[in-house]
Amino acid sequence: RTKIMGKLFDVSLVFTSIPELLGKLPITLELALLSMLLGLILGLVMAIIKMHKIKVLTQLTNLLISLLRGTPVIVQLYVAFFGIPMFFKAINQKFGTNLAVADIPGIAYAMIALGLNQAGFMAEIIRWLGVQLAPCISIHGVLVDVYGEGVLITGESGIGKSEAALELIKRGHRLVSDDVVELRKVSDVTLVGSAPDITRHFIELRGIGIIDVKTLFGVESVKDTQAIDMVIKLEDWDKDKEYDRLGLEDQYTEFLGNRVVCHSIPVRPGRNLAIIVESAAVNYRQKKMGYNAAQELYNRVQANLSRKQDD
């Protein structure tokens, strides 16, 4: 066995190569430091884009991060060493330019490939740190993911928040937190909610007690974190109070300096809160896509009045 290993691998070659390897140590350190610096800068830029949810750029950034993290570094080095020179040569041929591709040192290609590879991981690390180290408060409420929209249900104790959340879960939506919601200010436009470790996946129902949503309804019924898009404030019906019946102007509430759309929903016996919350989430999603039902009704009424005046 020793003879076979001796034929395959010459141990003496390692010792004779040590001086040459030490001679290349400065270049190795230079390449490592430059690629780390490039990866940190690009990772920081990508993390900022993701945290601030810049529409088109966020999608492109997610795609780039997936490619950088999902492909072997040897493939990325191959693309950098052979793909970049071919790209410049194609430009020279098409536009008649004279880009000196041969003058670019090989260390530059290695720095680009290794820097991009590290940028994908740096972006996720920076984004994760941004969430974990963000300002945090705890509030009383229930956070549910409804059609991809984070709906924070608030209101006085015993008004029906947990019951509404349970009905939403049965309708296929996902629970994030019940009773206590931890809010983190990730950016000036994004609040992320999560559950404390001790109460995660649990719901308290008066008269029944504690139930484990994950165990009863499956893993598809729970979620660890969710960006908060709107707030539903449940309150007792007050016949003397005027409630919004059109929705032409959005109302807002504020957490940690961030404004969030807020709807006050009066609670009366016989009202299905789950369907109301579900409809509010769909309507909010529709508004984000550019359609406002209240504005459409207003426009129809104004057009009808204009026609009557003309007649």
Side-chain angles (χ1 to χ4, degrees), residues 9 11 13-92 97-136 182 184-192 194 197 224-227 256 258:
F9 183 74
V11 179
L13 182 62
V14 176
F15 296 101
T16 56
S17 302
I18 288 178
E20 186 176 355
L21 293 173
L22 291 176
K24 302 297 182 181
L25 183 61
I27 298 178
T28 305
L29 293 176
E30 179 184 1
L31 176 61
L33 291 174
L34 290 176
S35 60
M36 287 177 60
L37 180 60
L38 178 62
L40 180 61
I41 294 172
L42 293 177
L44 181 61
V45 172
M46 290 190 287
I48 292 173
I49 291 173
K50 289 192 66 174
M51 287 190 293
H52 285 77
K53 293 185 176 180
I54 304 173
K55 291 183 179 178
V56 178
L57 291 180
T58 300
Q59 296 175 353
L60 293 176
T61 301
N62 289 334
L63 176 62
L64 179 60
I65 291 175
S66 298
L67 290 174
L68 294 176
R69 295 181 61 189
T71 54
V73 66
I74 189 66
V75 175
Q76 297 172 20
L77 286 168
Y78 184 86
V79 171
F81 273 95
F82 296 98
I84 295 177
M86 291 177 63
F87 175 74
F88 283 126
K89 288 179 180 179
I91 291 178
N92 288 339
T97 57
N98 190 22
L99 298 175
V101 181
D103 295 337
I104 301 176
I107 192 174
Y109 299 124
M111 183 187 70
I112 293 172
L114 295 177
L116 287 173
N117 180 265
Q118 294 184 43
F121 293 93
M122 286 288 187
E124 291 301 294
I125 292 172
I126 294 170
R127 186 187 63 82
W128 180 82
L129 288 175
V131 173
Q132 296 300 317
L133 302 178
C136 179
E182 294 180 346
R184 287 182 170 82
K185 181 179 179 179
V186 177
S187 69
D188 292 336
V189 296
T190 305
L191 289 170
V192 174
S194 61
D197 293 337
D224 290 336
T225 62
Q226 173 65 41
L256 295 171
N258 286 22

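Any value given below was found using the heavy atoms of this structure, including those in side chains, with hydrogens, waters and symmetry copies removed.
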Quiz item: For Q118, which residues count as a side-chain hydrogen bond (donor to acceptor under 3.5 Å, both in side chains) partner, sequence neighbours excluded?
Solution: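 Here the qualifying residues are S35.
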
Self-check item: More than 12 heavy atoms from other groups under 6.0 Å of CG on L29
Solution: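 Counting other residues, nucleotides and ligands, CG of L29 exceeds 12 neighbours.
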
Where do [X] and [Y] come nearest, in terms of heavy atoms and distance?
X: L77; Y: A110; result: CD2-CA, 4.1 Å
X: T58; Y: I49; result: OG1-O, 3.3 Å
X: L38; Y: G115; result: CD2-CA, 4.0 Å
X: G43; Y: I126; result: C-CD1, 4.0 Å
X: I65; Y: G120; result: CG2-O, 3.9 Å
X: A108; Y: I104; result: CB-CG2, 3.9 Å

Quiz prompt | Non-hydrogen side-chain atoms of I91 and F87 separated by less than 4.5 Å | solution =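 Side-chain contact under 4.5 Å: yes.
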
Quiz item: Any side-chain heavy atom of L191 within less than 4.5 Å of one from R184?
Solution: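 Side-chain contact under 4.5 Å: no.
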
Can you measure from [atom1] ([X]) to [atom2] ([Y]) and round to the nearest 0.5 angstrom?
X: T28; Y: I107; atom1: OG1; atom2: CD1; result: 8.5 Å
X: I84; Y: I112; atom1: CD1; atom2: CD1; result: 4.0 Å
X: M36; Y: M122; atom1: CE; atom2: CE; result: 5.5 Å
X: L67; Y: N62; atom1: CG; atom2: CG; result: 11.0 Å

Quiz prompt | Pairs meeting criterion ring pair (Phe, Tyr, Trp, His ring centres under 6.0 Å) with involvement of residues 21-46, two or more places apart | solution =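 For residues 21-46, and leaving out neighbouring residues, there are no ring pair (Phe, Tyr, Trp, His ring centres under 6.0 Å) pairs at all.
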
Practice problem: Scan residues 102-130 for pairs that pass ring pair (Phe, Tyr, Trp, His ring centres under 6.0 Å), counting only residues two or more places apart or in two chains. | Solution: F81-Y109

Exercise. Name all pairs fulfilling the salt bridge (Lys or Arg N to Asp or Glu O under 4.0 Å) condition that reach into residues 31-51, sequence neighbours left out, sorted by first residue then second.
Key: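 Listed once each, the pairs are K50-E124.
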
Quiz prompt | Pairs involving residues 13-29, ordered by first then second residue, that meet salt bridge (Lys or Arg N to Asp or Glu O under 4.0 Å) (sequence neighbours left out) | solution = none

Quiz item: What side-chain hydrogen bond (donor to acceptor under 3.5 Å, both in side chains) pairs are there with at least one residue in residues 67-77, not counting sequence neighbours?
Solution: T71-Q76, Q76-N117

